[in-house]
Structures are given as C-alpha cells and as structure tokens.
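One structure is given here, and the rest of the page talks about it.
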Amino acid sequence: MSGGVDSSVAALLLSKEDYDLSAVFMRNWDTRDESGTDKGCEWEKDWEDVQRVCKKLDIPVSMIDLSKEYWNRVFEPSLRQWELGISPNTDVWCNKEIKFGALLERLPSSSSMSPWFATGHYARKSWSSSHDQPPRPQLTRPADRHKDQTYYLSSISESGLRRALFPLSELPKPEVRELARKYDLHNADRPDSVGICFVGEKAKFRNFLSGYIPSNAGPIIDQETGKVLGQHNGLWNYTIGERSRLAGMPVRMSVSRKDLETNTVYVVPGTYVTHSPLFPPFRS
C-alpha cells in the first residue's frame with residue numbers, strides 16, 4: 001500500500017472477501033541520505049496514511065525498507081541513463097525491480113504455495129488457454145482506459161504477474177473514490193501522485209538531479225532553420241516531445257532530437273507529434 005486512495009480501496013475490496021490479508025508499505029527512498037535528518041521525509045506521511053487505513057479495515061501492516069535496493073536497482077541505473085541524455089522511465093523500473101522484484105523476494109512463501117500479491121494498479125490479468133500448454137498469465141487493459149497503467153507494469157516478470165491481483169481492474173476512478181467515501185476512508189479525496197518517488201514534486205526534478213550530474217552546456221538549435229536559439233545545461237534536462245521552455249519565442253518550441261555526440265538539443269515549432277516521422281501528416 002502507498003497511502004493513496006487506489007491501494008486503500010484495493011485493500012478494502014479484498015477485506016470483503018475470504019482472504020487472509022496483511023498489508024505492506026515500501027520505503028523506497030531515505031531522505032536522510034539527502035539532508036542528514038528525518039525532517040521533511042515524504043514517506044512518513046504516506047506511512048501514516050497506510051496505518052490509518054489498515055487500522056480502520058482491521059488489517060495488519062508492516063513497513064519494509066527497500067531504499068538500498070531502490071538505489072542500486074533503479075536510481076543508479078537511471079542516473080547513468082540521464083548522463084547519456086536518455087530519459088529513463090523510473091516507474092517502469094520500480095515496478096519491475098522493486099515492487100514485483102525486491103519486495104516479492106522479501107515476502108514470505110513456502111515451497112508449496114506463494115501468497116497472492118495485490119496492488120492498486122489499474123490493470124487486468126487473464127490466463128492463456130492451450131490444450132497442450134499450462135496456462136500463462138497475461139497483462140491486459142482495465143475497464144478505466146483513462147487510468148490504464150499496463151504500460152508501467154509491462155516489464156514485470158511472468159512469475160510476478162502470476163501472483164498479482166488487481167482488485168481495481170473493473171472500476172473507474174470516480175467509483176473508487178466513491179467507495180472510499182462510502183466506507184469513510186480518510187484519504188478518499190487525496191490527490192493522485194504525479195511526482196517521482198525520490199523527488200516528490202515534478203518541478204523540483206531538475207534541481208534534484210543537478211546534485212548528482214554535473215552541468216554540460218551545449219546549444220539549442222532550431223531543427224528547421226539551423227539557427228542557435230539558446231543554451232542548455234545538460235541533455236538530461238530535456239525529453240523528446242516536451243516543451244523546450246525557451247523564453248522569448250513567438251511560438252511554442254518542442255524538443256525533437258538530442259544529439260549525444262555534439263551535445264545538442266534540437267527543437268521544432270509547435271508539437272513534436274506534428275514533425276515526427278512516426279506521425280506523418282493526415283491526408284484525406
């Protein structure tokens with residue numbers, strides 16, 4: 001459980017069924033590594049919310065510290081990608097390496113049976129059918145396509161998916177919040193998380209990474225005209241497709257390409273989609 005409404009309602013739904021339930025909270029980032037103090041630790045508020053929900057649902061809960069595993073298996077590999085100018089997806093890596101990796105390795109199991117592992121993800125699981133092969137788990141899209149999180153689960157192992165339960169698979173997000181209100185869960189209206197777990201707010205992301213990756217200045221060039229429009233402090237500050245944040249431009253400029261050899265960021269007017277060869281202009 002994360003402290004958010006999705007994992008809380010997933011626990012609520014399972015508590016209404018015949019499961020021997022226990023909850024677990026992952027501590028993936030130790031703020032003391034950054035500040036030398038426990039003050040301002042984002043995980044503490046999440047842990048408090050998880051404990052409050054579990055107390056209301058009468059579910060035992062424990063915290064597992066996976067900060068070392070997260071550092072070694074997600075954060076350091078991500079840093080190496082950012083240094084190369086590549087934008088890694090830490091959520092995909094976290095699900096693969098931590099939630100369905102290190103955490104499952106820590107959970108108790110027996111030689112005859114491993115426990116189910118439920119999360120608050122919006123996803124479905126089905127099973128393949130074959131006369132000559134044993135059934136295999138398949139990751140499929142949930143009922144709420146707007147909240148579809150199968151992309152973020154796409155790299156988890158088959159053994160991890162085999163153990164997974166997705167109680168929210170058939171529910172739209174508004175109904176999840178309504179259930180939380182109906183059963184008086186205190187976090188029913190808690191905003192969805194949109195930051196990276198080791199940074200928090202997205203706006204702090206570049207400042208955070210600057211503490212790990214040295215500046216490496218280079219030009220920002222208009223891909224259509226070849227004109228130098230500005231300077232950047234490192235390719236890792238930019239992701240292809242996003243707004244370039246160039247001041248003083250008459251139109252929006254979007255990042256179209258990053259050249260690792262010349263340390264150059266290329267931009268185009270408008271949106272990247274309208275210029276990308278992957279999305280040719282529509283012709284009637």
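Excluded from the calculations below are hydrogen atoms, water molecules and symmetry mates; all remaining heavy atoms, backbone and side chain alike, are included.
Contacts classified as salt bridge (Lys or Arg N to Asp or Glu O under 4.0 Å) and involving residues 78-89 (residues at least two apart or in different chains) are not found.
The minimum heavy-atom distance linking Pro142 with Thr150 is given by the pair CD-CG2, 4.3 Å. Minimum interatomic distance between Ile240 and Ser256 (heavy atoms only, all atoms of both residues): CG2-O, 3.8 Å. In terms of heavy atoms, Ala188 sits closest to Ala180 at CB-CB, 3.5 Å. The two atoms that bring Tyr238 and Val255 nearest to each other are CD2-CG2, 3.8 Å, heavy atoms only.
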For residues 162-171, run the donor-acceptor check on the side chains, cut-off 3.5 Å, and write out each pair with its distance to 0.1 Å, sequence neighbours left out.
from, atom 1, to, atom 2, distance (Å)
Arg162, NH2, Glu158, OE2, 3.4
Arg163, NE, Pro115, O, 3.1
Arg163, NH2, Pro115, O, 3.4
Ser169, OG, Phe166, O, 3.3
Glu170, OE1, Arg124, NH2, 2.8
Glu170, OE2, Arg124, NE, 2.7

Q: Give the C-alpha distance, both sets of side-chain angles, the deciding distance and a yes or no for ring pair (Phe, Tyr, Trp, His ring centres under 6.0 Å) between Tyr19 and Trp116.
A: CA-CA 10 Å; Tyr19 288 103; Trp116 293 108; 8.0 Å; no

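Without hydrogens or angle criteria, Ser254 side chain to Gly270 main chain gives a donor-acceptor distance under 3.5 Å. With hydrogens and angles disregarded, a donor-acceptor distance shorter than 3.5 Å links the side chain of His232 to the backbone of Gly234. Put simply, the side chain of Lys227 never gets that close to the backbone of Ile221: no donor and acceptor are under 3.5 Å apart. A donor-acceptor contact shorter than 3.5 Å links the side chain of Asn187 to the backbone of Gly3. Asp58 places no side-chain N or O within 3.5 Å of a backbone atom of Cys54 that could act as its donor or acceptor partner.
Ser128 and Gln138 share no side-chain donor-acceptor pair at under 3.5 Å. Under 3.5 Å, the side chains of Asp49 and His186 contain a donor-acceptor pair of N or O atoms. For the residue pair Tyr122 / Asp6, a side-chain donor-acceptor distance below 3.5 Å is found, with atom types taken as modelled.
In summary, Glu242 and Arg245 engage in a salt bridge, as defined by a charged side-chain N under 4.0 Å from a carboxylate O. Salt-bridge annotation for Lys173 and Asp144: absent, with no side-chain N of the basic residue lying under 4.0 Å from a carboxylate O of the acidic one. Taking 4.0 Å as the cut-off between side-chain N and carboxylate O, Arg27 and Asp46 do not count as a salt-bridged pair. Salt-bridge check for Glu105 with Lys99: failed, with every basic side-chain N at 4.0 Å or more from each acidic carboxylate O.
Leu66 and Leu79 fall within the same hydrophobic cluster, defined by Ile, Leu, Val, Met, Phe, Trp and Tyr side-chain heavy atoms under 4.5 Å apart, directly or through other members. Under the 4.5 Å side-chain heavy-atom criterion for Ile, Leu, Val, Met, Phe, Trp and Tyr, Trp127 and Leu161 are members of distinct hydrophobic clusters. Hydrophobic clustering, with ILVMFWY side chains joined whenever heavy atoms are under 4.5 angstrom apart, keeps Val228 apart from Ile220.
Ring-plane geometry between Phe75 and Phe208 is classed as perpendicular, the angle between the planes exceeding 60 degrees on a 0 to 90 degree scale with a lower cut at 30. By the 30° and 60° cut-offs, the orientation of the rings of Phe25 relative to Trp43 is tilted.
Phe100 contributes atom CZ, which lies 10.5 Å from atom OG of Ser159 (distance to the nearest 0.5 angstrom). Going from atom CZ of Arg190 over to atom CZ of Arg177 covers 10.0 Å, rounded to the nearest 0.5 Å.
Heavy-atom neighbours of Arg243 CZ from other residues, nucleotides or ligands within 6.0 Å: at or below the threshold of 12. In the displayed structure, Lys96 atom NZ is contacted under 6.0 Å by at most 12 heavy atoms of other residues, nucleotides or ligands. No more than 12 heavy atoms of other residues, nucleotides or ligands sit less than 6.0 Å from atom CG of Asp18. Taking a 6.0 Å sphere around CZ of Arg252, one finds it holds more than 12 heavy atoms contributed by other residues, nucleotides or ligands.
Of the options Ile64, Ile98, Asp65, a side-chain contact (heavy atoms from CB on, under 4.5 Å) to Met26 is made by Ile98 and by none of the others.
Residues Leu246 and Met249 form a side-chain contact, since some pair of their non-hydrogen atoms from C-beta on lies under 4.5 Å apart.
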